[in-house]
**Student:** 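Mind looking over this structure? Questions follow.
Note that this is a predicted model, so its numbers are computed, not measured.
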Amino acid sequence: IAARAFYNNNTLSNIIIPDSVKEIGEYAFCNVSLETIDIPDSVTEMGSYAFNSCTSLVSVTVPSSVTVLQDGVFASCSNLISVNLPETLVSIDEHAFRYCSSLAVADIPESVVSIGDHAFFNCDSLTELNISSGVASIGSYAFSWCYSLTNVLIPSGVETIGAGAFYDCNNLVSVYISESVSSIGDG
């Protein structure tokens with residue numbers, strides 16, 4: 001599906017992507033009124049901001065064929081409540097879920113090695129964060145302004161935490177940082 005193929009289409013609410021599709025281009029469904037989307041296992045790449053601002057989207061399952069969630073792929077999906085991430089995912093790039101204000105749970109699979117800058121920035125309904133021991137780095141401001149977070153466990157395996165990773169998480173009362181962490185940024 002080409003870049004910007006359905007960009008800004010306010011009437012499209014549902015789409016079934018055929019198994020023949022291998023790539024969803026950048027901004028392909030940006031600012032589209034999608035309520036549901038079925039992404040087949042044939043899709044190996046979802047471009048930057050592919051589903052950005054799909055404010056009617058409530059849940060999504062990322063297929064196991066996708067190894068990288070590119071920049072802003074689901075950013076500003078303000079009604080996104082549920083995300084199912086595959087055990088094959090290696091990287092959650094910057095801004096991937098930025099401003100997903102209804103997202104309550106983030107389960108990061110064991111396969112994920114890095115969480116990018118601002119990846120979950122301002123997910124203010126996020127109450128449960130499960131970071132797997134496969135994660136080696138957490139980017140700057142990755143979970144900043146996640147006001148509903150109360151507890152965070154940084155597991156063994158995480159080596160670096162970027163600047164302001166939990167900036168302005170005002171309800172955070174308990175943080176455990178494992179001994180594997182060698183660097184925590186400023187902020």
**Student:** Specify the closest pair of heavy atoms between S42 and P18, including all atoms of both residues, with the distance to one decimal.
**Tutor:** OG-O, 3.9 Å

**Student:** Shared ILVMFWY cluster between V32 and V58, side chains joined below 4.5 angstrom?
**Tutor:**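 No, V32 and V58 fall in different hydrophobic clusters.
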
**Student:** S78 and T55: side-chain contact (heavy atoms from CB on, under 4.5 Å), yes or no, with the steps?
**Tutor:** CA-CA 5 Å; S78 57; T55 58; 3.6 Å; yes

**Student:** With rounding to the nearest 0.5 angstrom, report the CG to CD1 distance, D38 to I15.
**Tutor:** 10.5 Å

**Student:** Nearest 0.5 Å, please: how far is CD1 in I1 from CD1 in I24?
**Tutor:** 5.0 Å

**Student:** Could you tell me which non-hydrogen atom of G157 sits nearest to which non-hydrogen atom of S178, and how far apart they are?
**Tutor:**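 So the two residues come closest at N-OG, 4.5 Å.
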
**Student:** So, taking the atom named CG in L89 and the one named OG in S111, what distance separates them when rounded to the nearest 0.5 Å?
**Tutor:**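 Between atom CG of L89 and atom OG of S111 there are 5.5 Å.
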
**Student:** A side-chain contact here means heavy atoms from C-beta on lying under 4.5 Å apart; do S33 and N10 qualify?
**Tutor:** yes

**Student:** Grab the two heavy atoms, one from T88 and one from S64, that are nearest each other, plus how far apart they are.
**Tutor:**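 Closest pair (atom of T88, atom of S64, distance): OG1-O, 2.5 Å.
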
**Student:** Going through the distances and angles, do V73 and N52 end up as a side-chain contact (heavy atoms from CB on, under 4.5 Å)?
**Tutor:** CA-CA 6 Å; V73 67; N52 180 54; over 6 Å; no

**Student:** Please say yes or no: joined through hydrophobic side-chain contacts below 4.5 Å, possibly via intermediate residues, are Y99 and Y27 part of one cluster?
**Tutor:**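 Y99 does not cluster with Y27.
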
**Student:** What are the two closest heavy atoms between L57 and E35, and how far apart are they?
**Tutor:**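 Taking L57 first and E35 second, the nearest heavy atoms are CD1-O, 3.6 Å.
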
**Student:** Is there a side-chain contact between D107 and N84, using heavy atoms and a 4.5 Å cut-off?
**Tutor:** no

**Student:** Can you tell if the side chain of T160 reaches within under 4.5 Å of the side chain of V181, non-hydrogen atoms only?
**Tutor:** no

**Student:** Under 4.5 Å between any side-chain heavy atoms of F74 and V60, yes or no?
**Tutor:** yes

**Student:** What class does the angle between the rings of W145 and Y167 fall in, given that below 30° is parallel, 30 to 60° is tilted and above 60° is perpendicular?
**Tutor:**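 Correct class here is tilted.
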
**Student:** Does S82 reach the main-chain N or O of S59 with its side chain, forming a donor-acceptor pair under 3.5 Å?
**Tutor:**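 No, the answer is negative, given that no donor and acceptor are paired below the 3.5 Å cut-off.
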
**Student:** Is a donor from one side chain sitting under 3.5 angstrom from an acceptor on the other, for E26 and Q70?
**Tutor:** no

**Student:** Locate the shortest heavy-atom distance separating I92 from A119; write the atom from each residue and the value.
**Tutor:**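 Closest approach of I92 to A119: CG2-CB, 4.1 Å.
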
**Student:** Looking at side-chain heavy atoms only, is the closest gap between L126 and S148 below 4.5 Å?
**Tutor:** no

**Student:** Of F120, F143, Y141, Y147, which meets ring-ring contact (aromatic ring centres under 6.0 Å, His included) against F166?
**Tutor:**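 Of all the options given, the one that passes is F143.
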
**Student:** Side-chain heavy atoms nearer than 4.5 Å, only ILVMFWY residues, links allowed to pass through others: does that put L172 and I161 together?
**Tutor:** yes

**Student:** Measuring from I37:CD1 to I16:CD1, what's the distance to the nearest 0.5 Å?
**Tutor:** 10.5 Å

**Student:** Set out, in order, the CA-CA distance, both residues' side-chain angles and the distance that settles side-chain contact (heavy atoms from CB on, under 4.5 Å) for V62 and M46, then state yes or no.
**Tutor:** CA-CA 10 Å; V62 176; M46 297 186 297; 4.0 Å; yes

**Student:** Answer yes if the side chains of N14 and T36 hold a donor-acceptor pair under 3.5 Å, and no otherwise.
**Tutor:**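 Yes, because at least one side-chain N or O of N14 sits under 3.5 Å from a partner of the opposite role on T36.
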
**Student:** Is there a donor-acceptor pair under 3.5 Å between the side chain of S102 and the backbone N or O of L80?
**Tutor:** no

**Student:** Which is it for V83 and L103 under the side-chain contact (heavy atoms from CB on, under 4.5 Å) test, yes or no, and what are the steps along the way?
**Tutor:** CA-CA 8 Å; V83 176; L103 189 63; 3.9 Å; yes

**Student:** Would R98 pass as a cation-pi partner of F121, given that its NZ or CZ must be under 6.0 Å from the six-membered ring centre and within 45 degrees of the axis?
**Tutor:** no

**Student:** Has the side chain of S132 got a donor or acceptor atom that lies under 3.5 Å from a matching backbone atom of P109?
**Tutor:**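 Yes; judged by distance alone, with no hydrogens or angles, the pair exists.
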
**Student:** In the structure I gave you, are the side-chain heavy atoms of F97 and L69 within less than 4.5 Å of one another anywhere?
**Tutor:** yes

**Student:** So if you build clusters from Ile, Leu, Val, Met, Phe, Trp, Tyr with side-chain heavy-atom gaps below 4.5 Å, do V158 and V152 land together?
**Tutor:** yes

**Student:** At what distance, to the nearest 0.5 angstrom, does OG of S56 lie from CG of L34?
**Tutor:** 8.0 Å

**Student:** Verify whether one side chain among T11 and N9 offers a donor that lies under 3.5 Å from an acceptor in the other.
**Tutor:**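 Indeed, the side chains of T11 and N9 share at least one donor-acceptor pair under 3.5 Å.
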
**Student:** Are S114 and S91 linked by a side-chain donor-acceptor pair shorter than 3.5 Å?
**Tutor:** yes

**Student:** Any heavy-atom pair between the side chains of I177 and V175 that's under 4.5 Å?
**Tutor:** yes

**Student:** Compare every heavy atom of E128 with every heavy atom of L149, then report the nearest pair and how far apart it is.
**Tutor:** CD2-N, 4.5 Å

**Student:** Would a 4.5 Å heavy-atom cut-off, applied to side chains only, mark N79 and I81 as touching?
**Tutor:**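 With C-beta onward as the side chain, the pair stays apart.
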
**Student:** Same cluster for V21 and F29 if Ile/Leu/Val/Met/Phe/Trp/Tyr side chains link at under 4.5 Å?
**Tutor:** yes

**Student:** For the residue pair S133 / E110, report whether a side-chain donor-acceptor contact shorter than 3.5 Å exists.
**Tutor:**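 Checked: E110/S133 side chains pair up, N/O donor to acceptor below 3.5 Å.
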
**Student:** Working to the nearest 0.5 Å, report the span between CG of N171 and SG of C146.
**Tutor:** 11.5 Å

